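Hydrogens, waters and symmetry mates are skipped; everything else that's a heavy atom, side chains included, is used. Note that this is a predicted model, so its numbers are computed, not measured.
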Amino acid sequence: MKHLSFLSKLTMFAFAISILPVLFIGSFSYFTSSSEIQKNVNQSKMELILQITSNVEHKLSTVNQTLNQVVNSSVLKKALNNPLNENDFILYNDLRNEIRNMQSFDTRLEDVVLLNQRQNWMIKNSGLYRLNEYRNYEQLTNLLNIEGSSSWVLNPSSLFYSEESINVTGCDYSISLVKKLPVTKLQKYGLAIANIPACSLQDFINSEVQPLDSIIVLDKTGRILLHPDRSLIGQPAEAGGFTGFQQIAAAAEPSGQFKTEINNADYSISYMRSPQNGWTYLSATSIKSLTRESGKIGTYTVLVCLSMLLVSVLLAWLGSRRMYTPIQRLLTQIGLRRPGLRAGHSDEFQLIGEQVHSLFQSKSQLEKEVSQHLGQVRTFFLIQALQGNLRKRELLEELEQYGYGRQAEEWKTMAVITLSIDFSEESSYEKKDLNLLLFAAHNMIEELVAEEHRLTPVIMGQVLAVVIGSGDADTEAFHRRLYALTENLQQEINYVLKLQISIGLSLPFHAFDKMPIAYREGLEALKHRITLGKGIIIQYENLNSGKHYLNLNYPTHTENDLMDAIKLADREKAKELLHKLFKCIFALGLSPQEYQIPLTRLLNNTLIMMQESGITLNQIYPSGGSLFEELTDLHIVAEIEDWFWTIVIQPVIVIFHSRQNAQYHNISEKLIDIVQHEYDRDLTLEECASRLHYNANYISSVFRKETQYYFSDYLTMYRFKMAKKWLEETDMPVKDIASRLRYNNSQNFIRSFRKQEGMTPGQYRDSFHSKPRAVREAD
């Protein structure tokens, strides 16, 4: 049994009497307050939903009643049987007055749309239209197919404003009350649609609730009608992270509460289903936020109890220290900072005596053990280095420490070879002998390869790995020697051990911090034994085109298009391309760590593009932190994409947009100047782009936007202008003109000139000189 000093016992007792009250009081306070707070919050949430439901249903009921007055009016009944042309102004005016009277109520109506499929007309705020000429004719007439004669439907606002240049509502979706016409007839051929912008109704709800509360409304199918995040309107409930709609739909009660997970967080859901239209009103409250107040109570309780604990421990510690001062001084001098008694010892003094005696004996024993274990520690270091667990500075320091300083200084070219044993039916060995065989191969490598050309071989699982190096910087010569070395190893092991082995060769590298990559390349090469067979030497460069990475199929083309869209300040296209790029990246099936490679590459290329365009990082990120560190802290795809858009790309687009007009004009002027001075050279858009330090696609778009010409068309037009000038003012032969304008032969030039001017160059020269002199000077 282990003996403890009096100081330790006293300290432990003080901790015990201090910790138990903390645990009891804190736990009781926390669970009690959590239960009460959750109960009160749930009750208030249900009252809030009831109030919001009542107010919204009142608005919808008012819209329904006023629309019923319109559809049952004699004016509408008369209009349904009338084609409503320019001669029916009075009837049209009466109908518009009916609609205006309906919109005069406080119903938040944006528009009332009437359409008659039989008479082929449609009326809305902006006027009278022929129905079959309206852009969204088919989508509107499809509303005749909805169930029932009257229904609330969520529609894109663009259905009703296709003729305007912008959406006048400023909202992507409208909640529409659709009534089929005529009301009294069985056959329906018309519609009365009252549109309430979803944003307007959302603002109405927001005005009724506290800032920290949020109400979500779903239709019968679980689609989002109203949501604080307007981008989610029209999407399934799952898009907002809510997966409990089926649970609500299956519930027998029209209202209630239950717990679920939203985006991996616990939430309490309060809901109420409207009997009027089947809508479901939801309020989601984070369980974490419910228990926040109780957490404060628990925190305060713990702090008070900890204060008491600290006072008790401090008093016990000070008294014990005063009594133990002489003993502690001796224990400190011999290196024991926390005194205690071993089993079989009556006091600390005996322990001190034994400790002093053992110090002299342990010195020689320790030196002997360190010498014996140095090889094991060296092997462990190499395993850590090959697995990539060491930083570059640590790696170089430990190479020197473990006796590889000469190699670190002299080696210019290195490679990793991975050796795997191939068992076969003809072999006299079994797989249980693997470790012994790898050990034998390890010893043979140490004998066959000089120590100055290798590091110590290490066994890593079922593979033997060894780093081979040379002071020769010639990669090709090193590769030949390495291949000859591996062939010799394979032959010697086969001769001595009667064993087939396969060897994987990494690509040559020139710095020790590339060892983990080379080790993975060697392992990757060995994987191809499944197709190439046993007993072979596999070179990684033959598998992956000599690159030090596995092919991740990075969407470079899409990234280039994104960079062009950013430079053009095309916000919509840039957002679409960013989404497309993320879709490609996250379809690769990588591990979470490997996803950092394409994401960091995208961020790095974006920052390079900014720097080349004269945009400083401080302009888009004035906080002064690290964008790369902030990126690695994100773990959800939607968060990462939104971070790229809001923090990086959108601010850059704003900067490009602010200087776009001046930049466009400057680029176009430079291109025009190049054409006018070098039209007689083999000019290409790519060459001009390289000289101006821009992407070819980008300056092509800028030039066309500024001049309304493609670059090639403008170049051809200017060359024909110079050709006509030479034909008018000189006697230069047509063949020489064609040559100066970079045509392969004069016939091509003549055909192009005839197509452009309607006559050959010779005919043009003759017609010009046949004009009177006054006319030529005027031309």
Side-chain angles (χ1 to χ4, degrees), residues 556-570 573 577 612-613 656 660-779:
T556 304
H557 181 71
T558 304
E559 183 194 73
N560 293 337
D561 291 342
L562 173 61
M563 297 303 172
D564 291 341
I566 294 173
K567 292 178 182 178
L568 291 170
D570 191 339
K573 186 175 181 181
L577 288 169
E612 292 175 347
S613 302
F656 273 112
Q660 189 178 62
N661 293 334
Q663 185 183 28
Y664 279 7
H665 187 66
N666 184 41
I667 292 174
S668 299
E669 284 185 343
K670 290 181 179 179
L671 279 176
I672 291 172
D673 183 71
I674 292 174
V675 170
Q676 292 181 355
H677 286 84
E678 301 180 31
Y679 61 90
D680 56 347
R681 293 180 60 247
D682 290 327
L683 278 180
T684 63
L685 181 63
E686 288 73 17
E687 179 186 358
C688 295
S690 176
R691 289 164 62 178
L692 297 178
H693 305 291
Y694 284 99
N695 180 274
N697 293 332
Y698 172 68
I699 66 170
S700 176
S701 302
V702 170
F703 188 81
R704 176 161 173 74
K705 187 172 182 179
E706 268 309 281
T707 65
Q708 310 304 317
Y709 290 103
Y710 289 104
F711 175 82
S712 59
D713 294 340
Y714 182 85
L715 177 60
T716 302
M717 182 178 67
Y718 189 82
R719 284 175 172 173
F720 276 113
K721 176 181 177 182
M722 295 305 300
K724 290 191 288 184
K725 180 179 179 181
W726 291 335
L727 291 170
E728 294 169 2
E729 299 176 359
T730 70
D731 295 326
M732 187 186 305
V734 173
K735 181 178 180 181
D736 293 344
I737 293 175
S739 177
R740 288 196 63 180
L741 297 181
R742 318 309 294 176
Y743 281 86
N744 295 332
N745 56 66
S746 59
Q747 293 301 319
N748 290 339
F749 170 70
I750 293 172
R751 280 194 295 269
S752 299
F753 192 94
R754 184 188 306 171
K755 183 177 179 180
Q756 178 76 17
E757 301 295 332
M759 63 182 72
T760 65
Q763 293 171 343
Y764 179 88
R765 174 176 277 169
D766 294 338
S767 64
F768 179 84
H769 288 291
S770 64
K771 294 179 182 179
R773 182 175 181 181
V775 175
R776 293 201 305 269
E777 292 177 352
D779 290 342

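A donor-acceptor contact shorter than 3.5 Å is absent between the side chain of S700 and the backbone of A696. Of the possible polar contacts, one joining the S767 side chain to the Y764 backbone as a donor-acceptor pair under 3.5 Å is found. The backbone N or O of S712 sits less than 3.5 Å from a side-chain atom of T716, completing a donor-acceptor pair. Judged by distance alone, the side chain of S752 and the main-chain N or O of N748 form a donor-acceptor pair under 3.5 Å.
Here the straight-line distance linking atom NE2 of H693 with atom CD1 of I699 works out to 11.5 Å at 0.5 Å rounding. Annotation: the span from Y698 atom OH to D561 atom CG amounts to 15.0 Å, rounded to 0.5 Å. The distance from the OG1 atom of T760 to the CZ atom of F749 is 10.0 Å, given to the nearest 0.5 Å. Y743 OH to I750 CD1: the interatomic distance, rounded to the nearest 0.5 Å, is 11.5 Å. Between I674 atom CD1 and L692 atom CG the span is 4.5 Å, to the nearest 0.5 Å. Rounding to the nearest 0.5 angstrom, the gap separating the CD atom in E678 from the CD atom in E687 is 7.0 Å.
Of all heavy-atom pairs between D680 and R742, the closest is O-CD, 2.8 Å. Across K735 and S746, no two heavy atoms sit closer than the pair CA-CB, 4.1 Å. Taking both residues in full, the closest heavy atoms of M732 and R740 are given as CE-NH1, 3.9 Å, listed atom of the first, atom of the second, then distance.
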Derivation of the side-chain contact (heavy atoms from CB on, under 4.5 Å) call for M563 and N695: CA-CA 9 Å; M563 297 303 172; N695 180 274; over 6 Å; no
Chi angles and distances behind the side-chain contact (heavy atoms from CB on, under 4.5 Å) call for L671, Y694: CA-CA 12 Å; L671 279 176; Y694 284 99; over 6 Å; no
Evaluation steps, side-chain contact (heavy atoms from CB on, under 4.5 Å), between L577 and D564: CA-CA 10 Å; L577 288 169; D564 291 341; over 6 Å; no
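When K721, K724, R751, R765 are each tested for a salt bridge (charged side-chain N to carboxylate O under 4.0 Å, His left out) with E757, only one passes: K724. Put simply, the residue from F720, Y718, Y714 that forms a ring-ring contact (aromatic ring centres under 6.0 Å, His included) with Y679 is Y718. Under the side chain to side chain contact (heavy atoms under 4.5 Å, CB included) test applied with P761, the options I737, D766, V734 reduce to a single match, V734.
Around the CG atom of D673, the shell of radius 6.0 Å holds more than 12 heavy atoms that belong to other residues, nucleotides or ligands. More than 12 heavy atoms of other shown residues, nucleotides or ligands fall within 6.0 angstrom of atom CG in N745.
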